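Scroll down for the structure; my scribbles are underneath it.
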Amino acid sequence: MSGPTSIESVLSESRVFPVFPDLERDARIAGMAAYQELCQKAEQDYPGYWAELARDRLVWTKPFTQVLDDSKPPFYKWFHDGELNVSANCLDKHLGTPTENKTALIFEADGGEVTKVTFRELYEQVCQFANGLKALGYKTGERALIYMPMSVQAIVAMQACARLGITHSVVFGGFSAKSLHERAVDVGATLVITADEQRRGGRAIPLKNAVDEALSGGDCEAVRHVIVYKRTGGPVAWHEGRDLWWEDAVKGQSSDCPAVSVNAEHPLFVLYTSGSTGKPKGVQHSSAGYLLGAMLSVQWTFDAKDSDVFWCTADIGWVTGHTFITYGPLAAGVTQVVFEGVPTYPDAGRFWNMIERHGVTVFYTAPTAIRSLTKAAEADEAIHPKQYNLDSLRIIGSVGEPINPEAWMWYFKNVGRERCPIVDTWWQTETGGHVITPLPGATPLKPGSCGLPFPGMDVAIVDEVGEEVERGNGGFLVIRKPWPNMIRTIWGDPDRFVKSYFPPELKGYYLAGDGAQRDTDGYFWVMGRIDDVLNVSGHRLGTMEVESALVAHPLVAEAAVVGKPDPTTGEAIVAFVVLNGDLPSGEEADKVAADLRNWVGKEIGPIAKPREIRFGENLPKTRSGKIMRRLLRFVANNEPITQDVSTLENPAILDQLSEAH
Ligand code: 6R9
């Protein structure tokens, strides 16, 4: 941890860590010159660059002759006269190769049981389940909702849908029946695949019950079947004729099932994500373009090697779980660890323990997990990463939100042992795969920066009229050219797609919704969502900037900052803070708050001093670990929260923060 004179927090971070020579030597993209060569190739012949990769990496049943169709922007099509099957590209292509009998999945359940599945076995399970779906009458073009715990079966379900050309929509197991209902209706699901219950931290949480509730409304009659995987054996209600057990669906089914050849643009999945307002958006992805991006992200960012044991800790309910569990690693033929549960059960050493036991070489997690495990490790030496043998690691990654330099350094020192690069990967549900990221064998690292564009991606920081801003200035993060794994539309709402992502004043560029700046070396520094940028007395401040400063204080574990309207300064800063120690109260709280205000004043400048600091034991987070600043704004303004908070990990924390002054 940094001492009080540290300036680790601020975005003027100036440390640079050179590429590790051993990684560079063996990397797929070895050295900065190799990276630049790829970028130049893309610049000189953009369609040619992607066409070559698509021909080289994907197995086509009908080769494409057209690369990019940009005749109706922003509805772009890629490789659109080609055909393939995504599941065949993840499984069938390994049959008859040495990968066939290699371990595909090392699954560790919440209770610690480990199941290993080879690529051949996974192929057979997927085929059996796909045959079961066919026997029930399911066909290409239908939509299936998947609401399952992390399990081998969840991956099988997704792959089986892909195999038949059934578009899946995975709903995170932590979402409520209400959310499930909304998604089932919006996507027009005819099939639901679920489990009796899931396990999280030793507790059983019902899933099938929520499905029953979600489908009870009368507007989900299109759902013909609910297939239930028995995870815990817990009690479930049964709807004869509609419900059937997974084991019955696959009973007697052949373990070969021909993959359906679909058009490159066929919707592989629809994944719902929150917009800044309104109902969730169903982000629609393609088959070929999406898979190409997923595969390249695994191969380039994580420098996938045959000997790797890859572990992405995300849930399949998020895009990270789609790209870095279900599709990318399988297409790349990499062994991966998949886990059910939480990082803090049976104790907060679970991640480090699993890395040690399974010999994980590439580890990919989120800043929020790093920060909470830092806090746990500082409180309990016994589960500190230093107690574990993490020698197998060679690359560690971060995704989901900006990683503040403080957390970056802790991760780098304690997990990566100063010999593993951190790939801080910036991307979104809508982008399908990595957009800005360091490459482990090519990009020197700057703590807190997500590095340089992924080879081929045309990323820029622009002003309100789409003009690129000068280096060092903030602006909107945009992607200027269409890319193969981009969002195709918002399911059922093409107008919203155009309005959300392609504002007319931005020259047709894709607007990511994040504010960022680029330094003189071309490195990107993401400041957070543009709706999170504060304006205090005419000064632009990223909530991230202030949070980063707070988190750099030795007493602070986590912080979230929101703006509150102020008649004099426009906005005033309210900070919600979780300390490493106990929750302070009374004079103690006043004293710590005063110290923190001064600290921020010193770190960034007096303008950034929070007007108010409130302490809590935690922050309101979505189940994917994103802090819900929107709700904190209500709390900051002492306004009642009228929205549904059932999707929060910890709704009770809102009361605690409302009372804390
Ligand atoms: C993959 C994923 C996307 C939003 C994105 C940005 C934030 C993700 C980040 C990051 C800074 C990173 N974000 N990765 N911000 N640095 N490395 O998280 O997708 O759930 O759609 O969220 O997350 O704000 O716009 P998604």
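Keep in mind that this is a model prediction, so the values were computed, not measured. Ligands are counted one by one from 1 in listed order, and the atoms in each one are counted from 1 as well.
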### Pairs where residues 469-481 contributes a residue and the test salt bridge (Lys or Arg N to Asp or Glu O under 4.0 Å) is met, not counting sequence neighbours
Asp458-Arg480, Asp458-Lys481, Glu468-Arg480

### Task
Using non-hydrogen atoms of the residue, decide whether Trp426 is closer than 4.0 angstrom to ligand 1.
yes

### Message
I'd like to know if Glu430 and Arg488 make a salt bridge, using a cut-off of under 4.0 Å between side-chain N and carboxylate O.
### Response
no

### Query
Thinking salt bridges, do Lys507 and Glu467 make one under a 4.0 Å N-O criterion?
yes

### Summary
What one should report as the nearest heavy-atom pair of Phe576 and Val562 is CE1-CG2, 3.9 Å

### Query
Any idea which protein heavy atom is nearest atom 20 (O) of ligand 1, and the distance to it?
Lys626 NZ, 3.0 Å

### Task
Of the side chain and backbone of Thr429, name the one, both, or neither that has a heavy atom under 4.0 Å from an atom of ligand 1.
both

### Query
Quick check, are the ring centers of Phe302 and His434 under 6.0 angstrom apart?
yes

### Query
Which one holds for Gln428 and ligand 1: side chain close, backbone close, both close, or neither close, with close meaning a heavy atom under 4.0 Å?
both

### Query
Counting heavy atoms not belonging to Lys621, are there more than 12 under 6.0 Å from its NZ?
yes

### Query
Heavy-atom distance to atom 24 (O) of ligand 1: which of Thr437, Val526, Leu271, Asp514 wins?
Asp514

### Summary
So for Thr320 against ligand 1, with non-hydrogen atoms under 4.0 Å, the contacting part is side chain

### Query
Taking distance alone, with no angle check, do Ser398 and ligand 1 share an N/O pair under 3.5 Å?
no

### Task
Inspect the contact between Asp521 and Lys446 and indicate whether a charged nitrogen and a carboxylate oxygen are less than 4.0 angstrom apart.
yes

### Query
Out of Gly400, Gly433, Pro402, Ser449, whose heavy atom is nearest to atom 13 (N) of ligand 1?
Gly400

### Query
Salt bridge between Arg371 and Glu558, side-chain N to carboxylate O under 4.0 Å?
yes

### Message
Using a 4.0 Å cut-off to any heavy atom of Val399, which atoms of ligand 1 qualify?
### Response
1 (C)

### Query
How far is atom 3 (C) of ligand 1 from its nearest protein heavy atom, and which residue and atom is that?
Trp427 O, 3.6 Å

### Task
Enumerate the atoms of ligand 1 whose separation from the nearest heavy atom of Thr425 is less than 4.0 angstrom.
9 (C), 12 (C), 14 (N), 17 (N)

